[in-house]
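Reading through the structure tokens given below for one structure.
All heavy atoms count here, side chains included; hydrogens, waters and symmetry mates do not.
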Amino acid sequence: QVQLVESGGGLAQAGGSLRLSCAASGRTFSSYAMGWFRQAPGKEREFVAAISWSFDITNYADSVKGRFTISKDNAKNMVYLQMNSLKPEDTAVYYCAAGEGLTIRQAMGDPSYWGQGTQVTVSS
């Protein structure tokens, strides 16, 4: 059974940093891309960042470029999202996701697996 378990959310001040972690288990993810999405209250879930499991290819939403960094540790089956220069508009529930596809965009278009989410709150 595939499991994606997020951790590391919490409260931060504007300008601060948080690091999210996603522990993946239950299958081999070599053909997958791993990503982060977020959903703010009253808004649709949106793509944040993704990384190819087998290659160091990344993709970011324009709103987080230069502030967030996605990384992975293949040996530990972990994916991370380092969030710097946080803004109040980054407040949301953050979800880890895994999907297959020829490209990251394709993989993140309809992820096969989702975590339960972790709350990130940024105060002004």
Side-chain angles (χ1 to χ4, degrees):
Q1 182 180 357
V2 174
Q3 279 194 313
L4 302 176
V5 181
E6 304 98 333
S7 61
L11 178 64
Q13 290 189 332
S17 299
L18 284 173
R19 188 194 195 206
L20 304 183
S21 300
C22 174
S25 62
R27 68 160 298 137
T28 301
F29 292 96
S30 57
S31 63
Y32 279 66
M34 308 295 292
W36 291 93
F37 289 73
R38 66 187 181 186
Q39 187 167 20
K43 294 187 177 181
E44 293 187 354
R45 189 176 297 185
E46 65 174 359
F47 170 79
V48 175
I51 187 167
S52 171
W53 192 258
S54 296
F55 305 97
D56 290 329
I57 300 173
T58 58
N59 196 5
Y60 295 92
D62 288 342
S63 59
V64 306
K65 279 182 182 176
R67 300 189 299 121
F68 291 10
T69 302
I70 188 170
S71 63
K72 59 185 171 67
D73 185 330
N74 291 51
K76 296 181 179 180
N77 271 15
M78 295 291 294
V79 180
Y80 306 99
L81 185 67
Q82 179 66 43
M83 305 185 294
N84 298 330
S85 302
L86 284 164
K87 304 176 181 179
E89 51 264 43
D90 293 319
T91 295
V93 177
Y94 284 71
Y95 297 90
C96 180
E100 278 189 301
L102 296 177
T103 65
I104 286 181
R105 181 180 295 273
Q106 187 178 60
M108 292 294 104
D110 186 20
S112 301
Y113 305 105
W114 293 90
Q116 82 287 351
T118 186
Q119 177 70 46
V120 170
T121 303
V122 183
S123 62
S124 57

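Here the closest heavy-atom approach between residue Ser17 and residue Ala12 is recorded as O-CB, 4.4 Å. The shortest non-hydrogen separation linking Ile104 to Ala33 is CG1-CB, 4.3 Å. The nearest pair of heavy atoms linking Tyr94 to Trp36 is CB-CE3, 4.4 Å. In terms of heavy atoms, Gly9 sits closest to Val120 at CA-CG2, 4.2 Å. The heavy-atom pair separating Ala40 from Ala92 by the smallest distance is N-CB, 3.8 Å. The two atoms that bring Phe29 and Leu4 nearest to each other are CZ-CD2, 4.4 Å, heavy atoms only.
The aromatic rings of Trp114 and Tyr95 sit perpendicular to each other, their planes meeting at more than 60°, with 30° as the lower class boundary.
A donor-acceptor pair is defined here as one N or O able to donate and one able to accept, closer than 3.5 Å; such a pair exists between the side chain of Glu6 and the backbone of Gly117. Arg27 contributes no side-chain N or O that, together with a main-chain N or O of Val2, makes up a donor-acceptor pair within less than 3.5 Å. Side-chain atoms of Thr91 come within 3.5 Å of backbone atoms of Val122 as a donor-acceptor pair (strictly under, hydrogens ignored). Side-chain atoms of Arg105 never come within 3.5 Å of backbone atoms of Gly101 as a donor-acceptor pair (strictly under, hydrogens ignored).
For the atom pair SG (Cys96) and OH (Tyr80), the distance works out to 11.5 Å, reported to the nearest 0.5 Å. Once rounded to the nearest 0.5 Å, the distance linking NZ of Lys72 with OG of Ser54 reads 7.0 Å. The distance from atom OH of Tyr32 to atom OG of Ser52, rounded to the nearest 0.5 Å, is 13.0 Å. Atom-to-atom distance recorded for Thr103:OG1 and Asn59:CG is 9.0 Å, nearest 0.5 angstrom. Put simply, CZ on Phe68 and OG1 on Thr58 are 14.5 Å apart, with the number rounded to the nearest 0.5 Å. With rounding to the nearest 0.5 Å, the separation of OG in Ser7 from CE in Met78 is 6.0 Å.
Within 6.0 Å of atom CD in Gln13, 12 or fewer heavy atoms from other residues, nucleotides or ligands are found, so the atom counts as exposed in its surroundings. Residue Asp73 qualifies as enclosed at atom CG: its count of foreign heavy atoms under 6.0 Å is above 12.
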Practice prompt. Give the C-alpha distance, both sets of side-chain angles, the deciding distance and a yes or no for salt bridge (charged side-chain N to carboxylate O under 4.0 Å, His left out) between Lys65 and Asp62.
Written response: CA-CA 5 Å; Lys65 279 182 182 176; Asp62 288 342; 3.2 Å; yes

Worksheet entry | Chi angles and distances behind the side-chain contact (heavy atoms from CB on, under 4.5 Å) call for Trp53, Asn77 | CA-CA 9 Å; Trp53 192 258; Asn77 271 15; 3.4 Å; yes

Item to complete: List the steps, then state whether side-chain contact (heavy atoms from CB on, under 4.5 Å) holds for Arg38 with Val64.
Response: CA-CA 12 Å; Arg38 66 187 181 186; Val64 306; 4.0 Å; yes

Worksheet item: Can Ile70 and Met34 be said to form a side-chain contact (heavy atoms from CB on, under 4.5 Å), step by step?
Response: CA-CA 9 Å; Ile70 188 170; Met34 308 295 292; 5.6 Å; no

Practice prompt. Could you give me the CA-CA distance, side-chain angles and deciding distance for Gln82 and Ser71, then say whether side-chain contact (heavy atoms from CB on, under 4.5 Å) is met?
Written response: CA-CA 8 Å; Gln82 179 66 43; Ser71 63; over 6 Å; no

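Grouping the Ile, Leu, Val, Met, Phe, Trp and Tyr side chains by contacts below 4.5 angstrom, directly or via other members, places Met83 apart from Phe37. Under a hydrophobic-cluster definition in which Ile, Leu, Val, Met, Phe, Trp and Tyr are linked whenever side-chain heavy atoms come within less than 4.5 Å, directly or via other members, Met108 and Tyr60 are assigned to different clusters. Hydrophobic clustering (side-chain heavy atoms under 4.5 Å, transitive across Ile, Leu, Val, Met, Phe, Trp, Tyr) groups Phe47 together with Val93.
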